[in-house]
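Encoded as structure tokens, the structure appears first; notes follow it.
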Amino acid sequence: MVGVFGFAMLIQYFVPHPLGRVLYGRVLEWMQVIFAAGLVLGGATYAMSHLRTVSGRREGWIYSLLALAALTLMLAAGLIGGIDRGTLFLWLFNNLQAPLQQTVFSLLAFFVASAAYRGFRARNIDAALLLIVALVVMLGRIPIGEMTGPFLPDLARWLVDVPAVAAKRGILIGIGLGSVAVALRVMLGIERAWLGGRR
Amino acid sequence: MSDAGIWLAAIGTLAIFSFLYRDNPAYRAAEQILVGLSVGYLVVITVRTTLVPKVALPILDGDPWGIVAAVWVLLMWTRVSTRAGWLSRLPLAVIVGAGAGLSIPAMLKARVLSQLGAVIRPEIDVNAVVGAIGVLATLSYFYFTRPPTGAFRVAARTGTWFLMVFFGATFGYTIMSRLSLLIGRTEFLLGDWLGLL
């Protein structure tokens with residue numbers, strides 16, 4: 001099945017036949033539906049896992065109860081009340097989910113800073129280069145860097161636009177070639193790890 | 001934001017920030033609530049934007065393709081059964097197979113050809129030369145088929161420096177984005193919540 005769907009999708013890209021367009025649209029729709037079914041399944045598995053913790057009164061069950069309450073509230077609000085402007089679903093998203101998410105990511109500023117202290121010690125040329133570039137990019141993009149003159153902002157812009165982009169292009173080309181190789185292995189049945197279990 | 005919303009967001013924000021002192025029940029509670037809400041949000045959006053319009057509504061309209069889509073969904077959900085769980089591999093085969101087939105031209109076009117096209121430009125200046133050297137050197141670093149010796153070793157070493165510049169720039173940007181989020185949360189606490197700003 002993997003081979004059939006894989007080669008069908010590959011061939012339709014090069015054959016501009018109306019039937020190919022129909023097949024492409026239909027398979028894309030199936031993929032979306034299967035992704036959605038998998039996501040709902042993941043949500044159900046998450047709820048079941050917490051339900052087991054609560055019913056067994058295992059360690060931390062009170063936190064599982066909170067997670068279940070939050071999940072149930074969001075599901076009820078979204079599935080019954082709708083997701084349009086002015087609904088409880090959007091109110092919960094704007095006043096609880098989004099602020100909590102932003103705070104968790106902002107918390108990473110402290111951990112990134114401590115990681116930077118450990119990782120940015122200029123022990124060799126590579127680490128020194130990383131340290132200098134990161135400092136120039138940060139200083140070049142804040143007002144205090146601009147106050148020192150045009151050199152720092154211009155250097156930061158050049159570092160980001162030329163050498164950093166060159167390395168990024170190299171990585172992307174490598175990823176592209178690697179992805180094609182993996183896709184061919186999957187379609188030919190050489191790579192079967194996606195089936196799970198023992199190969 | 002309403003007053004109740006501001007208070008709720010402020011309490012949640014402080015609970016998350018309390019982790020900076022150490023792991024504590026307030027942080028764990030806020031963390032679990034966030035995960036629960038996020039899972040609920042994703043499920044609701046998925047059901048309302050995909051499963052309802054692409055499965056439920058076509059079936060109600062008598063469209064046979066809706067039934068085919070429903071079969072895929074049901075096959076996927078057999079995963080929860082120990083006896084019929086193997087059936088979930090059928091929709092997975094569609095995803096993996098079609099995904100692999102679609103990714104070959106897409107990857108070659110977006111990741112390889114367009115990137116090479118951006119490197120090989122008609123006008124030659126310092127930036128174009130530096131860019132071309134950077135791409136070739138980075139690719140040399142990731143070429144593991146032969147051991148790095150001679151000129152190839154020099155190219156791979158140069159590739160490391162280009163990679164360090166890329167990682168340094170990315171790291172700098174990451175720190176700045178996290179700091180801007182931190183400033184945003186601090187502004188919210190001091191301004192919207194306490195009214196000090």
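The sequence lines fix the lettering, A, B, ..., with proteins before strands; numbering per chain opens at 1. These numbers come from the heavy atoms of this one structure, side chains and all, not from hydrogens, waters or symmetry mates.
Contacts of Leu74(B) with chain A are absent, with no heavy-atom separation under 4.5 Å from either backbone or side chain. Both the backbone and the side chain of Tyr63(A) come within contact range of chain B, judged by heavy atoms closer than 4.5 Å. When heavy atoms are compared at a cutoff of 4.5 Å, Val186(A) approaches chain B solely by way of its side chain, counted from C-beta outward. Contact annotation for Leu28(A): only side-chain heavy atoms (C-beta onward) come within less than 4.5 Å of a heavy atom of chain B. Of the atoms belonging to Arg141(A), heavy atoms from both backbone and side chain fall under 4.5 Å from chain B. Only the side chain of Gln12(A) comes within less than 4.5 Å of a heavy atom of chain B; its backbone N, CA, C and O stay farther away. Phe110(A) touches chain B through its side chain: at least one heavy atom from C-beta onward sits under 4.5 Å away, while N, CA, C and O do not. Interface remark: Phe17(B) contributes backbone and side-chain atoms alike to the contact with chain A (heavy atom separation under 4.5 Å). Using a 4.5 Å cut-off between heavy atoms, Val39(B) contacts chain A through both its backbone and its side chain. In this structure, chain A has heavy atoms under 4.5 Å from both the backbone and the side chain of Val43(B). Heavy atoms of Ala4(B) lying under 4.5 Å from chain A belong to its backbone as well as its side chain.
With rounding to the nearest 0.5 Å, the separation of CZ in Phe162(B) from CG in Leu136(B) is 10.0 Å.
When the candidates Trp77(B), Trp65(B), Phe142(B) are compared by the number of heavy-atom contacts under 4.5 Å with chain A, Trp65(B) comes out ahead. Note: Thr103(A) leads Leu71(A), Thr103(A), Val2(A), Leu66(A) in heavy-atom pairs under 4.5 Å with chain B. Counting heavy-atom pairs under 4.5 Å between each of Val73(B), Thr50(B), Ile95(B) and chain A puts Ile95(B) at the top. In terms of non-hydrogen atom pairs under 4.5 Å with chain A, the most contact-rich of Leu90(B), Val68(B), Val55(B) is Leu90(B). Counting heavy-atom pairs closer than 4.5 Å to chain B, the top-ranked of the candidates Glu29(A), His50(A), Met31(A) is Met31(A). The greatest number of non-hydrogen atom pairs below 4.5 Å with chain A, out of Ala15(B), Ala70(B), Pro91(B), is found for Pro91(B). With chain A as the partner, the residue from Glu31(B), Arg111(B), Met107(B) showing the most heavy-atom pairs under 4.5 Å is Arg111(B). Contact tally against chain B (heavy-atom pairs below 4.5 Å) for Gly6(A), Ala181(A), Ala8(A), Ser64(A): the top residue is Gly6(A). The greatest number of non-hydrogen atom pairs below 4.5 Å with chain B, out of Leu10(A), Ile34(A), Val27(A), is found for Ile34(A). Looking only at heavy-atom pairs under 4.5 Å with chain B, the residue among Tyr24(A), Phe35(A), Phe14(A) that has the most is Phe35(A). Between chain B and the options Val136(A), Val165(A), Val104(A), heavy-atom pairs under 4.5 Å are most frequent for Val104(A). Chain A forms more heavy-atom pairs under 4.5 Å with one residue of Phe167(B), Tyr173(B), Phe19(B) than with any other, namely Tyr173(B).
Thr49(B) has its side chain out of reach of Lys54(B): every pair of non-hydrogen atoms, C-beta onward, lies at least 4.5 Å apart. Within the 4.5 Å cutoff, the side chain of Phe171(B) has no heavy atoms near those of the Val137(A) side chain. Between Trp161(B) and Ile125(A) there is a side-chain heavy-atom pair separated by less than 4.5 Å. Side-chain contact between Leu75(B) and Arg89(B): absent, with no pair of heavy atoms (C-beta onward) separated by less than 4.5 Å. At a threshold of 4.5 Å between non-hydrogen side-chain atoms, the residues Met9(A) and Leu23(A) count as touching. Between Leu51(A) and Ser55(A) the shortest side-chain heavy-atom distance does not fall below 4.5 Å.
Taking the ring axis of Trp61(A) as reference, the NZ or CZ atom of Arg57(A) stays within 45° of it and closer than 6.0 Å to the ring centre.
Between the side chain of Arg192(A) and the backbone N or O of Gly189(A), at least one donor-acceptor pair lies under 3.5 Å.
Checked against the 6.0 Å centroid threshold, Phe89(A) and Tyr41(B) count as a close aromatic pair. Centroid-to-centroid, the aromatic rings of Phe152(B) and Tyr143(B) come within less than 6.0 Å.
More than 12 heavy-atom neighbours from other residues, nucleotides or ligands sit within 6.0 angstrom of CZ on Arg178(B).
A donor and an acceptor atom, one from each side chain of Thr13(B) and Arg185(B), are located under 3.5 Å apart.
Using a 4.0 Å cut-off between charged side-chain N and carboxylate O, Asp84(A) and Arg48(B) make no salt bridge.
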